[in-house]
2 protein chains.
Amino acid sequence: MTKAQNAQIIKDTRERILDAAELMFMQHGYDGTSMRTVTGEAGVNLAAANYHFGSKEALMQAVLRRRLDVINRERLRLLDEAEAKAGGKALKPSVIIDCFFGTLLRVAADQKAGGETFLRLLGRTSTDPSNFIRTFMSSEYADVLERYKQAMFLSLPDVPKAEIVWRFHFMLGATSYAIAGTDALQLVTDWQVDEASAAQDENLLPRLMSFLLGGLRAPLPKIETSIEQAASAPFVK
Amino acid sequence: MTKAQNAQIIKDTRERILDAAELMFMQHGYDGTSMRTVTGEAGVNLAAANYHFGSKEALMQAVLRRRLDVINRERLRLLDEAEAKAGGKALKPSVIIDCFFGTLLRVAADQKAGGETFLRLLGRTSTDPSNFIRTFMSSEYADVLERYKQAMFLSLPDVPKAEIVWRFHFMLGATSYAIAGTDALQLVTDWQVDEASAAQDENLLPRLMSFLLGGLRAPLPKIETSIEQAASAPFVK
DNA sequence: AAATAATTCAAACGTTCGTTTGAATTTTGA
DNA sequence: TCAAAATTCAAACGAACGTTTGAATTATTT
């Protein structure tokens, strides 16, 4: 077996560590996962992790970046494409929402292995209190979020920007929780104990999209301190 | 100063540990918080935590139970009250949602100290992968969730139960994420870096309630494998 | 006031953590 | 082919972890 063939079948150390870290971080969280657990799962020497990534924090960032770069690049590409097709006219909110949240679920489901694992890791990472994770995530998302925020503002010119941002925030939450697949409260008692269900459920996407769009289109709340009042634009769209 | 007076002003060791643990667990997560951090913040001896609570896991459970018991009892009481007032007729979904999610935000905001801290801890705990936390949370919520699920089923007799459960799941997610107040993606750039904003925002409740009800009332998705099809009841309520 | 129980305290237990080291081994490039 | 670079490896580092101990102190009961 040549070296090239071997490289195709046996993943190199760097990638094995990334795969193992993705799985362990998802199952036990960042602080709950040790470098020994990761390298043990990967079947490599303990020192290899620090050799290839420098530190545990840098390893976590590499795990997130590997998938997020692909997803966010696709998000930008699809939004560009949709705007080009619309030819100057404002996009429908449902199109924007699908470009953002639909892409996440589709790309992750498309990836051969680890796609579902990453989805669940991402869901759990979104509420992680660690400072270095928050800093990394915000810089990783900065461009995409700014782009989508502007698209939403153009799409819903009559809705106060603060309300749009809030609803986008709520949509992020519903999605993060859904893909985390924890169901800590065991609300869905039908799910298996091996908890492999939510993120890989093919019906998750249509169900989630319906819910998100419903929330986005809901009547605006009556906010006490706001100048722009719901009276002038009581409904989104 | 008598002993009774002293007990009112200077909280006893047990309560000081609970307060400190609530704050530290919220800021740094369960695994990211050490017993030394907790007892240091509380100003008590390290051994006091194990003396009063037995273990770190038991301490975490005591932190959660102290507030959740109050909130869930209130949730059951309000639902009983609403059903009694309705006199046999089915409740409106908005009433049920307000009893569940509104109570959470109101009770937590009402409590003198730690109310907002607990809200954010709860949001972050909801996606925690730790097994003992998940087990504890599911048993702590079992009664309330079963009660509310049945109320929702009665309130929306034409909607497939699976869809109701899914939407409740999405609502839990949006709420958890919102009260966690992390904003890891820095979507809301207006928020301060000290991140003290979301959970104590008095406008959060009306905004969240609008979004949740909109999502709940959204048109049902077209599910491929389902026998009960959206065609017969395409809209919730 | 004496005896008993509850609590606090400093110190230490053994374990696990992230990271580093320097030699051994493999891969690369001339 | 052979020196140089890259990688793997066993071993160890000091620090931090949850928990325990037994004596000292405080609070309660008799």
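Order of the sequence lines sets the chain letters (A, B, ...), proteins ahead of strands, with each chain counted from 1. Side chains are part of it too, since the values below use all heavy atoms of this structure and drop only hydrogens, waters and symmetry mates.
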Check your understanding: Does A/Val144 have any side chain to side chain contact (heavy atoms under 4.5 Å, CB included) partners at least two apart in sequence or in another chain, and if so, which?
Key -> A/Asn72, A/Arg75, A/Leu76, A/Phe100, A/Tyr148

Check your understanding: Counting just side-chain N and O atoms, does A/Ser34 come under 4.0 Å of either OP1 or OP2 of C/dT16?
Key -> no

Exercise for review: Name the nucleic acid region contacted by B/Thr33, choosing base, sugar-phosphate or nothing; use a 4.0 angstrom heavy-atom cut-off, strictly under.
Suggested key: sugar-phosphate

Revision key, fill the gap. To the nearest angstrom, the NE2-P distance between B/His28 and D/dA16 comes to 15 Å

Exercise for review: Could you tell me the separation between the NZ atom of A/Lys56 and the P atom of C/dG18, rounded to a whole number of Å?
Suggested key: 4 Å

**Study point:** d(CG, B/Asn50; P, D/dT21) in whole Å
**Key:** 11 Å

Check your understanding: Counting distance only, does the side-chain N/O of A/Ser176 pair as donor-acceptor with the main-chain N or O of A/Gly173 below 3.5 Å?
Key -> no

Review point. What residues, two or more places apart in sequence or in another chain, satisfy salt bridge (Lys or Arg N to Asp or Glu O under 4.0 Å) together with A/Asp31?
Key: none

Study note, to complete from the structure: the helix from C/dA1-D/dT30 to C/dA30-D/dT1: angle between terminal helix axes, five bp per end, to the nearest 10 degrees, reads 20°

Review point. Can A/Arg73 and A/Asp143 be counted as an ion pair, charged N to O under 4.0 angstrom?
Key: no

Check your understanding: Which pairs, with at least one residue in residues 12-51 of chain A and sequence neighbours excluded, count as a ring pair (Phe, Tyr, Trp, His ring centres under 6.0 Å)?
Key -> A/Phe25-A/Tyr30, A/Tyr30-A/Phe132

Exercise for review: Could you check how far CG of A/Leu59 sits from C1' of C/dC17, rounded to whole Å?
Suggested key: 15 Å

Review point. B/Phe53 has an atom CZ; how far is it from atom P of C/dT7, in whole Å?
Key: 12 Å

Revision key, fill the gap. Sorted by chain and number, sequence neighbours left out, salt bridge (Lys or Arg N to Asp or Glu O under 4.0 Å) with A/Arg66 holds for A/Asp19, A/Glu22

Exercise for review: Tell me, please, which residues at least two apart from B/Thr37 pass side-chain hydrogen bond (donor to acceptor under 3.5 Å, both in side chains).
Suggested key: B/Ser34

Review point. Along nucleotides 8-15 of chain D, 5' to 3', which nucleotides get a B, which get an S, and which get a -, given that the test is a protein heavy-atom distance under 4.0 Å?
Key: BBB-B---

Exercise for review: Not counting sequence neighbours, which residues clear salt bridge (Lys or Arg N to Asp or Glu O under 4.0 Å) with A/Glu41? List them please.
Suggested key: none

Exercise for review: Quickly work out the B/Met60 CE to D/dG18 P distance and round it to whole Å.
Suggested key: 13 Å

Check your understanding: Given atom CD of A/Glu57 and atom P of C/dG18, what is their separation to the nearest angstrom?
Key -> 11 Å

Review point. With B/Arg77, which residues qualify under salt bridge (Lys or Arg N to Asp or Glu O under 4.0 Å), at least two apart?
Key: B/Glu74, B/Glu81

